[in-house]
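First up is the structure itself, then whatever we jot down about it.
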Amino acid sequence: MFNKVLIANRGEIAVRVIRACRELGLQTVAVYSDADRNALHVRYADEAYNIGPPPARDSYLRMDKLLEVAKKSGAGAIHPGYGFLAERADFAQACEDEGIAFIGPKPHAIATMGDKARARATVAAAGVPVVPGTEGKENLTDDELLAIAPKIGFPLLIKAVAGGGGKGMREVRSLDEMPAALRAARAEAEAAFGDGNVYLEKLIEGARHIEIQILADKHGNTIHLGERECSIQRRHQKLFEESPSPFVGQDEAFRQKMGAVAVRAAQAVGYISAGTIEFLVDKDKNFYFLEMNTRLQVEHPVTEYVTGVDIVKEQIRIARGRPLSYTQDQITMHGWAMEARINAEDPYNNFMPSIGRIEHMVLPTGPGVRLDTGIYAGLEITPYYDSLISKLIVWGETRGHAIQRMRRALEEYKIVGVRTTIPFHQNLLKQSRFIAGSFDTRFVEERFSMEEADAMRETHPEIAAILATLVAHQETMRAAHIIRRAKRDTSNWKWYARWERIHR
Amino acid sequence: MFNKVLIANRGEIAVRVIRACRELGLQTVAVYSDADRNALHVRYADEAYNIGPPPARDSYLRMDKLLEVAKKSGAGAIHPGYGFLAERADFAQACEDEGIAFIGPKPHAIATMGDKARARATVAAAGVPVVPGTEGKENLTDDELLAIAPKIGFPLLIKAVAGGGGKGMREVRSLDEMPAALRAARAEAEAAFGDGNVYLEKLIEGARHIEIQILADKHGNTIHLGERECSIQRRHQKLFEESPSPFVGQDEAFRQKMGAVAVRAAQAVGYISAGTIEFLVDKDKNFYFLEMNTRLQVEHPVTEYVTGVDIVKEQIRIARGRPLSYTQDQITMHGWAMEARINAEDPYNNFMPSIGRIEHMVLPTGPGVRLDTGIYAGLEITPYYDSLISKLIVWGETRGHAIQRMRRALEEYKIVGVRTTIPFHQNLLKQSRFIAGSFDTRFVEERFSMEEADAMRETHPEIAAILATLVAHQETMRAAHIIRRAKRDTSNWKWYARWERIHR
Amino acid sequence: MKYIATVNGQEIEVDILDEHRVAVNGEEYEVDMVAMSNQPLYSLLANERSFEGYVYEVNGQWQVLLGGTLYEVVVEDEQIKRLRKAGGGRREAKGPFLLKAPMPGLVVKVPVQEGQEVQKGDVLVVLESMKMQNELKSPKAGKVEKVKVEAGQAVEQGEVMVVVAAP
Amino acid sequence: MKYIATVNGQEIEVDILDEHRVAVNGEEYEVDMVAMSNQPLYSLLANERSFEGYVYEVNGQWQVLLGGTLYEVVVEDEQIKRLRKAGGGRREAKGPFLLKAPMPGLVVKVPVQEGQEVQKGDVLVVLESMKMQNELKSPKAGKVEKVKVEAGQAVEQGEVMVVVAAP
């Protein structure tokens, strides 16, 4: 039984896992690249080991170094978080070979679900509905794919076999577009995953992305924790999640039906640990297996809030060989939870990444607010890693209460130093279609623009005018001062000496 | 029906009330003294009015100014928070006279419960057990009190009739000590409340302070939300609270018995809104009415966490004439919640208040953590008001989980600029008596010292030595540098001009 | 002191009367503005209404982010503005456009060549940073004068990648 | 460079070998210390163990608050300390003690008079601040040389209220 856990990740998820370990009385080992010496996960862990230069391939993706640190520190287990090595069967295998508990599923389950075609074939064989496509046929050439495409029918999606997160994905509306789209998708997949294999899938229009959280232990118990609604996406990246789904709502039979199918899908690969079955759901409540994420999800906190289950602690319990703390009939959903992903991106500039030093922050706090983050005032946001800097999660008795609380929390949340997606969420929560719960996965891209959203809301142009004018006026006054003063100049080192003396 | 609420308070509780209003879609009006222009409640409210100089008697206690602001801003209701005017019957009456809804009980209930002697007589008549004492006998002279004291028996407490929060309170172990103690208590009561009247009360030794949260609407419904354990006190000031009480624990019958008595006590004064019945509980589970706080309590969040009831929102609903959202049988307690009061005080220096600018903060976040606060990095902590700067509240599935989570949250919580009681709580949570739940109201004063607690824990003197030495070394090196550099000096204004030019 | 603030295209006259009073299109406001924690985050009390906004300068324009809404504001001295107007026409960016890397990153693609005509909105460079591919577009029509980077190349923040001259 | 750190009375030799190595009583540590956000809050990695501590100077002593435990540390150059020791005796505060107001407040009571002998721990002034009455005690025995405040008086932070001379 392990008592020390190495967290093979960084950012908010490393902090999340460290917290769970600490609350269970387990020792924690952080790893960090040269860019992350000051990161919160390094500060919060009991031990911290440098594993190389900033690029992930030289540090967070270096299995050899991670295993070396595990051995050196005496860590008996590794939690991979999400991303990086979380869905690498070879890493899970390497841990097993070294006698280190991998806090996640078995290599075979990762490998099966990681290859989208095999995954679909496996769950389809277990009676789980899948989206029509080229599942099960690996390494198809462009010519083969071009021949099959018309049989599936357009529109369709080209997706990377090794993919995830929208990388290597292209939508195609006609055969003419296929050759170029195939080239682009393969190149992107190759660059992102080192594997250019792709497959085709029918595009379900007007679809919602709804997923079921699974927990499975080593004693044959597999349960689900209800659904999450993840249809608010942009370029196939989730931006905002909630649980329950407003589409499922009070339809408990539908929820349990999806849940039971999800449990079957997980059992089809002998799954253990926490995992997620993603479904595409059409307007008639048909649902299709999309893929399984064989790891902890970014959006796991919304499920934790409504069920009261600590998913990360359960993962650790499972890895320690313990049975689940809950049976299926002990799982009930109370109230409503929502998560807004706060990315260091500028929503007014095409979600361009924004880097820089976090100069100042005021965090939203108070009742029903949870924040999962890896940043603090003074930290530098670098260009090397994911732009997710914080997750704002709220709980309310009803969806309406949760929306109101999320609005006030977003209003309170102040970050100075980088641009963030906070204004995006503020606009999203004012959209009548969002409030009504009637949106699909295309909502953000097709029916939403920041500029239009801004224009629709109550505005205060006179207040903006006052603010800008007063600030501009102050700047002008200050500049005038300085020009006057600077007439008598002195050399730089003199100034510096005095400055240091006075300011130390 | 009001749509705009004036919050006649400051600090964390003003922020708490603003949040509730905002989540209910109500407009908010803040008031602030000259010392509080930059306070969080001013930033978060929709409107903010200056009401005078820093001393509370010139601002937050000025009923006339508050009513004037209410009228000017069109606020239809006033929430008093706690402290200041929260338990002033004349203020509640003045609001009523002006047609402004007072979000709290009726003036009569405040007046009755505010006069400790009348309060005890009233609830005793309703069959609520009270601590033996001079209840019901007002304006007793020193001579009369000296005559009665031996009949009650020693040890006993001298308490201010208008009191609360330990002010004007003295413990007396013999008749000899009484005259001096009476003088001191009367002087303190006069200074704190403008009323030097005192009464006597038997001191229950080994007693716990356990209180019951009450909610009552205008339709005759009165319910209780279970108990809070508040025995961790210092000089009669609560420092740490939890719900449930480890003393009550699984004894649901005992809980319901206290709850029913508390409801009866509230009904005895025709109580409406949120209120708290404080009991002294001896080791044999006898409980005695201590007093009723006719307002929101500092520690209300622990009850909110375990019951899921938003007490402030209920207060507002009640003031709007709505029935309670819950019936008694819908109230259940889930898990365990704890609150650590973070005061700007130095626990290593006799809890001396600490003022200054909050230079930097890292807040504890993540699952099961709630923070109620009115401060942020950059805010000045002034000497004018209460030293409570933040409340750290955690939830866990069991008391053990809650303790573990509180420990990790306290460890994460970093405040630079003032000394805080965080180390006190860290030491408290390591005490075996605390962990076992076996403590009374004397625990902190009689069985706890910071120095001994520090000495008992695992320590890292070599790490402290490294830190201090490296910092001292850096300072020395820097000083050496400056002395070298400063040899060529230049006048101050020159330096300043350059500095401003470069740093603007 | 009189200013003209052009907020999202709408002209608003802001007259600073004294330290605590301004007139906005003639309507007087009592104002109290404080930079929170010495940051470009301002608390403004205007006739006792409380607002909080970020105010950033970007290319000589002010961006005011207020309650989740972004306002683009040009602030000009009223006299100077009047003189300029009399002189004819708005100030218009005439020089070449320098596309600088908004962050360090890896150039994934440069879909334009030197000498090529581009329209406003055409992608000039695809830059990878923070695990995302970001399309950097031309803010105006013109001719590509210089391409200084190529696919696969790492760039520093602020490095000029493409120059587009007015047509 | 060799230092002697006296931690809560216990002497520990800390030898700074180079930027990233120290020897503590002869045992070598690889160290990496960073001031977080330029504050007196330090992240220290010592042989890959991660610690975070506040380090404040108070009256020439260092206070290190580490994981909720306070350490009082005196850091001295080893050579100077050896010389001083040879010269006989510890450094001891010999001068008069100036009781300064630790914060602005209202003097509630001054229970001592000029000329009076006091013991270590005797209350010199009761000061009200933040709604609390705080007892300010003498850190040593001696004779009250001066009482500069009286009950009811407001004092500024740092104002000298009472002077206690060594007996």
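Throughout, protein chains are lettered first and strands after them, A, B, ... in sequence-line order, and every chain is numbered starting at 1. In what follows, every heavy atom counts, from backbone to side chain, and hydrogens, waters and symmetry copies are set aside.
The backbone N or O of C:Pro104 lies less than 3.5 Å from a partner atom in the side chain of C:Ser129, making a donor-acceptor pair. Side-chain atoms of B:Arg320 come within 3.5 Å of backbone N or O of B:Phe2 as a donor-acceptor pair. A donor-acceptor pair under 3.5 Å is absent between the side-chain atoms of C:Tyr71 and the main chain of C:Asn8, judged by distance alone.
The part of B:Asp46 that comes within reach of chain C is its backbone (N, CA, C, O), which places non-hydrogen atoms under 4.5 angstrom from that chain. At a 4.5 Å heavy-atom cutoff, the contact between C:Asp32 and chain B is made by backbone and side-chain atoms alike. Neither the backbone nor the side chain of B:Val29 comes within less than 4.5 Å of any heavy atom of chain C. C:Glu52 touches chain B through its side chain: at least one heavy atom from C-beta onward sits under 4.5 Å away, while N, CA, C and O do not. Contacts between B:Ala45 and chain C at a heavy-atom distance below 4.5 Å involve the backbone alone (N, CA, C, O).
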Do B:Val418 and B:Ile358 pass the side-chain contact (heavy atoms from CB on, under 4.5 Å) test, and can you show the C-alpha distance, the side-chain angles, and the key distance before you say yes or no?
CA-CA 7 Å; B:Val418 295; B:Ile358 304 291; 3.8 Å; yes
Run B:Val369 and B:Leu392 through side-chain contact (heavy atoms from CB on, under 4.5 Å) and show every step you take.
CA-CA 7 Å; B:Val369 174; B:Leu392 172 57; 3.8 Å; yes
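Comparing B:Asn50, B:Asn38, B:Leu379, B:Val42 by heavy-atom pairs within less than 4.5 Å of chain C, the highest count is held by B:Asn38. The choice from C:Ala46, C:Ser50, C:Ser37, C:Ser43 that makes the most heavy-atom pairs within less than 4.5 Å of chain B is C:Ser50.
A cation-pi arrangement is found for B:Arg43 relative to B:Tyr376, the charged atom lying closer than 6.0 Å to the ring centre and inside a 45° cone about the ring normal.
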